[in-house]
Amino acid sequence: MALIVQKYGGTSVGSPERIRNVAQRVAKFKAQGHQIVVVVSAMSGETNRLIALAKEIQAKPDPRELDVMVSTGEQVTIALLSMALMEMGLKAKSYTGAQVRVLTDSAFTKARILAIDEEKMRADLDAGFVVVVAGFQGVDGDGNITTLGRGGSDTTGVALAAALKADECQIYTDVDGVYTTDPRIEPKAKRLKSITFEEMLEMASLGSKVLQIRSVEFAGKYKVKLRVLSSFEEEGEGTLITFEEESKMEQPIISGIAFNRDEAKITVRGVPDKPGIAYQILGPVADANIEVDMIIQNVGVEGTTDFSFTVHKNDFEKAIGILKGVQGHLEAKDVLGDDRIAKVSVVGVGMRSHVGVASQMFRTLAEEGINIQMISTSEIKISVVIDEKYLELAVRVLHKAFHLEQEV
Ligand code: ASP
Ligand code: MG
């Protein structure tokens, strides 16, 4: 007998029929003798509908009231799923975040979980109930309803699994796992049987969004065994997100190719090559709360240098404006921008123990005539910025060069 936390996303509970399917799957696990805690999202589209409704009344909805409102989406699905389970002859009981007591801080719309009372759930499980908990929501120390940020039900699932010391946290979604890259770009992309937490964080933050990034961090921190599976397929192992030691003995060097179309590049040309220049350029950008991702500074020639960095496309105009404002003060020759770029990354813990990954990547891109504009690396990732029109080609040739179609 195992204790399993299962989380079902919005599309998996998007209609009464789908809710019945979820109940059937839960019943199957229950029949195998497992104890089950189910975490559900709101029905697909519901959270967006509620937010839009709030905005019809208040252009910038009051955060406390918005949380009171959007948390209702999940309150509906926990009751419906419990009813569906009862209709199948199972004992089931639903809890809102406040009823479990998922205690959070008071940062409305982006609250963080502080503690979870697991006694009630434990007692219900021992009495044979399926426990159904509303994802995405909690309660602060003063009893205010809070929510955990968009996609927060994943984090609820992982947090409950951690609190209950569950054997596994299963995240059911509309894809059947984590892929070597986006199958819409490379149809030969393969589902990974396992991936490490670190790789998953790189893949997710680089645009292969399957799980809320916070839930992966949380699972890594509390050592929760996390599995991503499809709620629309009967069988299938999904992808296990795990620790390096526990995954395959022989690591593939590269686990996947991630990419991101959301960034834009800014270059400050011909600034004096002197101490403090990076701070003078990026200080005002940081003060405006703009996050900077990749940064490169050239080697100075004749006392001046070029300085480039990337920001989210949403912040592009603003960042350009700020730098044009300080251009005179910086003594810069020019401030240039390019929002037609894309970032492509190869990710894999195996590169820690292998040399030549970067040169393989650069050779592959060169053979296709793809110019690299910027490069950044971490221990398990190499990212390049290229012209966005070559993104799909780059993903495909890299996928092939690192033999990811053979990955199983
Ligand atoms: N219903 C919330 C959202 O749409 C939380 C979730 O689905 O994870 O963001
Ligand atoms: Mg989600």
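Note that the structure is predicted; figures quoted are calculated from it, not measured. For ligands, and for the atoms within them, numbers begin at 1 and follow the listed sequence. The figures here come from the full heavy-atom set of this structure, side chains too, leaving out hydrogens, waters and symmetry mates.
- Here is the list of ligand 1 atoms found below 4.0 Å of a heavy atom in Arg150: 3 (C), 4 (O), 9 (O).
- Contacts with ligand 1 closer than 4.0 Å are made by no heavy atom of Gln212, backbone or side chain.
- Contact analysis puts Glu74 in contact with ligand 1, with a non-hydrogen atom separation below 4.0 angstrom.
- Residue His399 is tested with Thr180, Thr364, Thr181, Asp182 for a side-chain hydrogen bond (donor to acceptor under 3.5 Å, both in side chains); the sole match is Thr180.
- Partner of Phe197 under the ring-ring contact (aromatic ring centres under 6.0 Å, His included) criterion, out of Tyr222, Phe218, Phe243: Phe243 alone.
- In this structure, Asp167 CG and Ile4 CD1 are separated by 7.0 Å, a value rounded to the nearest 0.5 Å.
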Criterion side chain to side chain contact (heavy atoms under 4.5 Å, CB included) on Tyr8 and Val26, from CA distance to verdict: CA-CA 11 Å; Tyr8 292 91; Val26 173; 4.2 Å; yes

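- Ligand 1 places these atoms under 4.0 Å from at least one heavy atom of Ser153: 5 (C), 6 (C), 7 (O), 8 (O).
- By the 4.0 Å heavy-atom criterion, Gly152 is counted among the residues contacting ligand 1.
- In this structure, Gln32 places its CD atom where more than 12 heavy-atom neighbours from other residues, nucleotides or ligands lie under 6.0 Å away.
- Contact between Gly151 and ligand 1 is present, with at least one heavy atom of the residue lying under 4.0 Å from the ligand.
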Verdict with reasoning, Glu233 to Arg191, per salt bridge (charged side-chain N to carboxylate O under 4.0 Å, His left out): CA-CA 14 Å; Glu233 280 172 22; Arg191 179 176 56 81; over 6 Å; no

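- At under 3.5 Å, a nitrogen or oxygen of Ser41, whether backbone or side chain, sits near a nitrogen or oxygen of ligand 1.
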